[in-house]
Amino acid sequence: MKISRPRGTRDFLPEDTRRRRNVENILRKVVKNWGFSEIITPTFETLELFTLKSGEGIVGELYNFTDKGDREMTLRPELTAPVMRMYVNEMQANQRPLKLFYFENCFRYERPQKGRFREFWQFGVELIGSNRPDADAEVIALASEMLKAAGIKGSLHVNHLGVIRHLLSILEAEQQSRIMRLVDKKDDTGLVDYLEEIDAPGHLRLKLIELISLTGEGVIGKARQMIGDIPELDEYQELLDLLDAYGVEYTIDFGIARGLDYYTGMVFEIYAEGLGAQNQVCGGGSYQLIRLFGGGDVPSTGFGLGFDRIMEICGVEPDDDRPVVIIARDSARLKAIEAATRLRPYMPVYVDLMKRNFKAQLSYANHIGAHYVVMIGEKEVEAGKVTLRDMDSGEQELLKLEEVIERIGN
RNA sequence: GCCGGGGUAGGGUAGCGGUUAUCCUGUAGCCCUGUGGAGGCUACGAUCCGAGUUCGAUUCUCGGUCCCGGCCCCA
């Protein structure tokens, strides 16, 4: 009976792993250069951390369990809540802004489909302590830079929820929240029906419907005509000016809502092609969660990148890592180990572990794509040297090990 | 939770009521005990699971499971 892999999980073979690690390290390098520090939080957390953030409803999507001490736990479905929890637990006295990032696996009990797995990886950034558009702009520019580094052309849509919130401020909190969800889903008929249901004022209905359809050039001006000179629009404009300074390309989109109550102002999403229905590779915004977890009133802004989706469409390939294979006649097997030991600080080295004959060892080297082969037999042992063969050109030369290192070591 | 399409050696496939289950590739070895990629030979290796129909099921039916795509959801 063969044991199969759990549904929605994946095995990453050496090739896959090499590609993933390569991109991962490229992304790490970018965020570090923007001054963010990596953190690691637990793979599982108390269930409450996530129900507090997203409501009881999410339990159905979680890998939750009761541990042997009868505690309700869950594998983490995302990392923003854990990072905020960590901040509240141990970083409240740190100098602000705090610039943190993570790259970890997350778990959701969902139906797998293209670009969606039960175990998946998120690369995310959280900037804690600034409510300035400068912080929002830096975060957006960073997201855009990371995608560029991964060779992905995404389309970035940005919005400022302050504007729509201002418009909705005459409604009850619960009604506002419901409307935001409908806007997020782009469920226009549902929205019209709901506005009818709560008997919203006619001017509000018209403005709302028009506002969320505003997208593209010059729409800040249109919004201003519609709603008036409100500070939220000034802040939005300031954000856009900053993005221009960063040279980030964006589309203003008053229809982006991100559906959740804790988003406070700026929100953005980045979409890419080639991913089927799950085309969002990045989403984020400014939010207020720290108070919810028992901390102070600290503004934050951040985003999460869907790493698996990035891998699905990114064209970045790691450099070749072609090994050196030591080929020895049977009489020189021990010498081969000595040579391998001396070469390994400088290059990846294989030795024969199958007790193959000389020819078969060479054939093996060819199969695994070795660039060079170091041959050792009676002649070489006698001369105190080895034969270095370039597998591409077929040229070979009798050299000392030091000369081999000098020639092909890295 | 729902809808559609699929599951035959490690990978890719043929067969579609009775075959020794086809071929390619792969892996290991030999031809070939100091020179790779080619060729020949040998070996290894599969019908997703369970029930039903049938004298007989890889083939037909049903259920499950997993994969692929979509819906819902998407923190």
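Protein chains get the first letters and strands the later ones, always in sequence-line order, with residue 1 at the start of each. Please read all numbers here as calculations on a predicted model, not as lab measurements.
The same atom, C1', is picked in G45(B) and in U20(B); the two are 16 Å apart, to the nearest Å. A28(B) and G10(B) have their P atoms separated by 16 Å, with the value rounded to a whole Å. Atom P of G64(B) sits at a distance of 40 Å from the matching atom of U27(B), rounded to the whole Å. Rounded to whole Å, the P atom of G18(B) lies 11 Å from the corresponding atom of U59(B). Remark: the separation of the P atoms in A9(B) and U47(B) is 7 Å, to the nearest Å.
A cation-pi geometry, defined here as NZ or CZ lying under 6.0 Å from the six-membered ring centre and within 45° of its normal, holds between R118(A) and Y109(A).
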Assess the residue pair I256(A) and V158(A) against the criterion (side-chain contact (heavy atoms from CB on, under 4.5 Å)); give the C-alpha distance rounded to whole Å, side-chain angles, the decisive distance to 0.1 Å, and a yes or no. CA-CA 7 Å; I256(A) 303 280; V158(A) 63; over 6 Å; no
Step-by-step side-chain contact (heavy atoms from CB on, under 4.5 Å) determination, L27(A) to F103(A): CA-CA 10 Å; L27(A) 296 179; F103(A) 174 73; 6.0 Å; no
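In this structure, A51(B) and U61(B) make a Watson-Crick or G-U wobble pair, each of the two defining distances being under 3.5 angstrom. If you check G36(B) for Watson-Crick or wobble pairing at under 3.5 angstrom, you find it has no partner at all. Remark: C41(B) base-pairs with G29(B); criterion is Watson-Crick or G-U wobble with both hydrogen-bond distances under 3.5 Å.
The base of G34(B) lies close enough to the side chain of E380(A) for a donor and an acceptor atom to sit less than 3.5 Å apart. In this model, a side-chain donor or acceptor of R389(A) finds a partner on the base of G36(B) within 3.5 Å. Between the side chain of R258(A) and the base of A75(B) there is no donor-acceptor pair of N/O atoms closer than 3.5 Å. Applying the 3.5 Å distance criterion, the base of C71(B) shares no donor-acceptor pair with the side chain of R111(A). Between the side chain of R181(A) and the base of C73(B), no donor-acceptor pair under 3.5 Å is found.
Counting non-hydrogen atoms under 4.0 angstrom, G369(A) reaches nothing in the nucleic acid. Residue Q361(A) is classed as having no contact, given no heavy-atom separation below 4.0 Å to the nucleic acid. At the heavy-atom level, Y364(A) lies nowhere under 4.0 Å from the strands shown. At the heavy-atom level, G394(A) lies under 4.0 Å from base atoms of the strands shown. At the heavy-atom level, K359(A) lies under 4.0 Å from base atoms of the strands shown. Within the nucleic acid shown, A365(A) has no heavy atom closer than 4.0 Å to any nucleic acid atom. At the heavy-atom level, E61(A) lies under 4.0 Å from base atoms of the strands shown.
Remark: side-chain polar atoms of R389(A) are not paired, donor with acceptor, to backbone N or O of Q396(A) under 3.5 angstrom.
In terms of heavy-atom proximity, F50(A) sits nearest to A81(A) at CE2-CB, 3.9 Å.
For G69(B), the OP1/OP2 oxygens have no side-chain nitrogen or oxygen of R116(A) closer than 4.0 Å.
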